[in-house]
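Below, read A as the first sequence line, B as the second, and so on, with proteins coming before strands; counting in each chain starts at 1. The shown structure was predicted, so the numbers you read here are calculated from the model rather than taken from an experiment.
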Amino acid sequence: MNERYDYAEIESKWQKKWVDENTHRVTESDSKPKYYCLEMFPYPSGNLHMGHVRNYSIGDVIARYKTMHGFNVLHPIGWDSFGLPAENAAIKHNTPPAKWTKENIANMNRQLHAMGLSYDWDREVTTCLPEYYKWTQWLFLQFYNKGLAYKKGASVNWCPGCHTVLANEQVVEGACERCDSIVEKKSLEQWFFKITDYADRLLEDLDKLEGWPTKVKTMQENWIGRSEGALIQFKVQETDDVVEVFTTRPDTVFGVSYMVLAPEHPLVEKLIDGTDKAEEVRAFVKKVQQMTEVERSSTEMEKEGLAIGAHVINPANGQVVPILIGNYVIYEYGTGAVMGVPTHDERDFFFARKYNLPMTVVVQPEGVSLTPETMEGAYTAEGIMVNSGQFDGMTNTEAKKAIVAWLEEKGQGKLKVNYRLRDWLISRQRFWGAPIPIIYCDHCGAVPVPEEQLPVLLPQDVNFKPSGESPLKYMDEFAQTTCPVCGAPARRETDTMDTFVCSSWYYLRYTDAHNDQKPFAKDKADYWMNVDQYIGGVEHAILHLLYARFFTKVLKDIGLVSVDEPFKNLLTQGMVLKEGSKMSKSKGNIVSPEEIIGKYGADTARLFILFAAPPERDLEWNDQAVEGCYRFINRIWRLVEEFSRSHDGKCVAYGEFGDLGKAEKDLRRLTHTTIKRVSEDVGVRFNFNTAISAIMELVNGMYQYREQGNNEQVMAEAIETLILLMAPFTPHVTEELWQGMGHTDSVHHQTWPTVDEKALIAEETTVVIQINGKVRDKINLPMNMDSKEVENLVLALPKISEQLTGKDIKKVVVIPNKLVNIVVG
RNA sequence: GCCGAAGUGGCGGAAUUGGCAGACGCAGCGGACUCAAAAUCCGCCGCCGUCAAAAGCGUGUGGGUUCGAGUCCCACCUUCGGCACCA
């Protein structure tokens with residue numbers, strides 16, 4: 001063993017050995033319990049960033065810790081390698097996306113190895129390779145056969161920056177999630193996955209996810225946006241048409257004083273065509289449609305409406321009320337029509353005041369009589385029904401059910417659950433994605449590509465147009481084909497799939513990464529699933545995590561897997577910040593992992609990133625604190641190296657300890673309390689920062705012992721424990737030291753140290769003495785002393801009795817082995 | 001507006017069940033070693049106060065429960081995140 005800690009030599013030596021010996025390969029085995037530890041796989045942008053380092057360091061500690069606990073640990077990695085940056089690079093530098101991606105993967109692969117991560121590299125998956133996307137396409141076909149993939153014309157989100165449509169989940173405050181361009185609306189024929197069919201299960205099963213942060217579950221809950229209410233039908237007075245509204249307040253139907261339609265509602269044109277209102281209404285509709293999505297959905301927007309001259313009949317009381325169109329009614333939500341009840345809805349109240357629409361109170365607080373003229377806002381709380389025929393006198397909660405039942409009997413209403421969640425738009429007008437395996441035939445329509453013809457391969461030699469449009473559309477050799485049904489000339493779908501489709505099932509592919517008959521064998525997926533611990537950034541709380549849950553449920557329904565949730569436990573890590581903001585090129589505050597590893601080694605980089613903050617919290621990068629971690633590793637190195645050198649390169653513990661002195665007992669107690677603390681911090685709480693600080697305390701104790709203690713068995717035990725506890729955090733240096741201590745097998749194949757309960761027992765304890773809750777003295781007492789005895793002893797202490805003279809002792813509280821509080825008047 | 005998380009020294013953070021607030025680390029200060037420096041080892045390090053001590057104050061604010069509150073309850077403030085003319 002070197003006297004100096006030479007991280008560069010040590011790390012490359014062990015990394016090579018781990019690769020050569022395939023150290024981290026796993027197979028299914030019944031002899032051990034399984035554990036599936038997964039980190040969100042990276043997009044191969046070209047270089048690892050600190051967020052990756054954090055993500056993979058956390059995962060690696062968990063995987064190594066579980067391995068040392070006797071689990072059969074699956075810890076895989078791969079590449080989420082379809083997507084826009086490759087295509088943009090292709091347009092800019094005229095390199096094929098496949099080449100650019102391959103080079104990036106090679107470089108990042110090297111960087112991952114330099115971190116000393118315990119991946120089973122035999123299971124590496126790359127989503128942009130045909131051997132993977134063949135099965136993405138195959139899964140699309142399964143969805144298609146189940147009726148869960150369909151094409152429809154719809155008003156969709158178009159990102160002018162990315163030249164493609166986006167899913168709702170990819171639009172953030174009206175802008176593109178990737179490039180921040182303002183999203184436009186376009187009417188296009190697009191492919192969708194019917195995620196709304198699973199809305200209820202996706203919502204309900206959130207309850208099963210006890211190992212998920214509430215934050216993420218709440219975000220998904222909000223996104224799904226379930227709301228219970230009723231559909232109510234209003235007949236149009238002038239025609240035979242019926243307007244259906246969705247409302248969460250069917251109890252207020254007797255108070256309806258108008259109806260508002262979204263400008264896009266198809267009935268609008270029908271009802272005004274040929275009337276004298278037609279021009280005015282069309283102008284209004286045009287004005288609304290010219291607003292951007294952001295303007296239109298802003299809460300500050302002035303609510304405007306316009307009566308269109310037609311009327312509806314209230315099914316509850318037969319009243320005839322006017323139909324308006326309003327700029328605040330969203331066609332995509334509910335039925336695109338709302339009933340206006342000014343007295344019991346804030347928005348309706350101000351809208352009605354503005355346009356002088358009538359108001360009727362139908363719910364009021366018990367014992368109070370509300371009058372519309374004196375109301376200053378809508379009454380939205382619970383109350384008693386009035387002006388509502390046979391429902392008068394009921395509570396409005398009772399009336400909700402009763403009125404819907406009554407309307408249902410009349411065939412004019414029913415209960416309805418509404419969701420905010422929209423179907424998942426998966427078409428992308430881009431090249432670098434998995435082609436959607438559909439063929440369009442003039443005779444047979446849209447025909448799925450037969451399974452045996454998969455994969456639909458992306459062409460190799462591609463000329464990108466500067467417009468950014470997908471070149472597939474213009475490549476006849478790709479687009480032209482024959483109909484699999486009738487054999488006539490036909491055209492392929494040239495849209496590709498959203499990359500989130502590829503990443504919705506990769507965790508299943510890892511369980512059987514090279515299967516060329518199926519996406520994965522069921523028995524292998526069943527052996528490894530669920531993912532026991534999933535780790536990644538909170539930015540995927542909705543998109544990826546919702547889609548992956550949806551996929552798992554569909555795959556369960558078609559019998560491909562047995563689980564209905566993919567990720568049992570979820571850890572959402574915080575961001576890595578520098579000078580208070582996220583590291584980014586534009587801010588110029590990036591710290592390169594490669595540089596840090598070059599300067600201090602991977603062990604230091606890993607240790608710092610785990611020590612600086614608990615994993616969920618944002619982490620402020622601090623160069624000096626990194627050095628502190630480097631110093632700590634050196635401190636361990638010196639301690640172990642010196643001991644080993646003075647013991648002929650042997651530090652293998654240990655027989656019986658015999659009778660030990662105080663310093664020896666203290667170190668043994670420290671050693672074993674450290675095992676206990678680190679085991680809880682790593683295994684239960686994932687608080688790696690406090691686990692590391694506990695180990696630091698142990699090292700401090702060992703330095704002290706070196707001056708005071710003289711039993712070398714005790715020191716040897718502490719050293720061996722220290723190395724084992726550090727092994728998951730700093731795998732290289734611990735391996736080197738382990739060998740230097742005379743061991744011949746790998747530290748990473750050792751069993752996690754166990755706590756010797758006897759060593760934990762202390763003979764003495766420090767008891768705090770308080771007077772009226774303020775600390776006045778401390779005293780060392782034998783453990784488990786009788787309370788009354790403690791009380792007498794404490795009251796007799798000079799310092800205490802002095803302060804008690806002339807005071808009236810009201811009560812003495814004794815907490816055994818901890819504290820005495822004397823209450824005086 | 002609704003939902004969620006957080007607020008502790010100069011800084012990152014700790015306090016797991018209501019029981020010594022500030023573990024551990026960074027920065028800072030002092031000492032040892034050295035011709036000197038670096039490295040290393042040892043010590044100090046909330047505020048106020050003092051020669052030194054004692055006393056006092058102190059976990060966003062204001063109340064409350066309790067022998068005892070960073071921790072529990074009520075009200076509020078601030079920051080961050082999500083959702084939002086959702087009918």
Pairing nucleotide - [N], Watson-Crick or G-U, each distance under 3.5 Å:
| N | answer |
| --- | --- |
| B/C76 | B/G60 |
| B/C83 | B/G1 |
| B/G25 | B/C11 |
| B/C48 | none |

How far does the [atom1] atom of [N] sit from the matching atom of [M], given to the nearest Å?
| N | M | atom1 | value |
| --- | --- | --- | --- |
| B/G43 | B/G64 | C1' | 44 Å |
| B/G9 | B/G60 | C1' | 15 Å |
| B/A54 | B/U59 | C1' | 25 Å |

**Prompt:** Does B/G43 fall in syn (glycosidic angle within 90° of 0) or anti?
**Reply:** anti
**Prompt:** Would you call A/Lys788 and A/Glu791 a salt bridge, taking side-chain N to carboxylate O under 4.0 Å as the test?
**Reply:**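 A salt bridge is present here (some side-chain N lies under 4.0 Å from a carboxylate O).
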Just N and O in the side chain of [X]: are any of them under 4.0 Å from OP1 or OP2 of [N]?
| X | N | value |
| --- | --- | --- |
| A/Asn687 | B/U16 | no |
| A/Arg638 | B/A39 | no |
| A/Arg776 | B/A55 | yes |
| A/Arg631 | B/C24 | no |
| A/Asn700 | B/G25 | yes |
| A/Lys217 | B/A5 | no |
| A/Arg617 | B/A5 | no |

**Request:** Quick one: pull up CD in A/Glu641 and CD1 in A/Ile719 and give me the separation to the nearest 0.5 Å.
**Result:** 11.0 Å
**Asked** Is there a donor N/O on one and an acceptor N/O on the other, under 3.5 Å, for the side chain of A/Lys778 and the base of B/C20?
**Response**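 Checked by distance alone, the answer is yes.
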**Asked** Under 6.0 Å from the NZ atom of A/Lys354, do we count more than 12 heavy atoms belonging to anything else shown?
**Response**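 Counting neighbours around NZ of A/Lys354, more than 12 heavy atoms of other residues, nucleotides or ligands fall under 6.0 Å, so yes.
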**Item:** Parallel, tilted or perpendicular, as decided by the 30° and 60° cut-offs, for the rings of A/Trp621 and A/Phe608
**Value:**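 Answer is perpendicular, since the angle exceeds 60°.
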**Request:** Could you tell me whether A/Asp618 contacts a base, only the sugar-phosphate backbone, or nothing, with contacts defined as non-hydrogen atoms closer than 4.0 Å?
**Result:** sugar-phosphate
**Message:** Once you apply a heavy-atom cut-off of 4.0 Å, does A/Glu221 come out as touching a base, just sugar-phosphate, or nothing?
**Reply:** nothing
**Request:** Report yes or no: is the cationic atom of A/Arg635 (NZ for Lys, CZ for Arg) closer than 6.0 Å to the six-membered ring centre of A/Tyr703, at no more than 45° off its axis?
**Result:** yes
**Asked** Of the nucleotides B/G12, B/U16, B/G4, which has the atom closest to the A/Thr218 side chain?
**Response**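 Out of B/G12, B/U16, B/G4, the nucleotide with an atom closest to A/Thr218's side chain is B/G4.
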**Sorted by number, the residues of residues 246-263 of chain A with heavy-atom contact under 4.0 Å to RNA chain B** =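 Heavy-atom contacts with RNA chain B come from A/Phe246, A/Thr247, A/Thr248.
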**Request:** Answer with yes or no whether the side chains of A/Lys185 and A/Asn157 bring together a donor and an acceptor at under 3.5 Å.
**Result:** yes
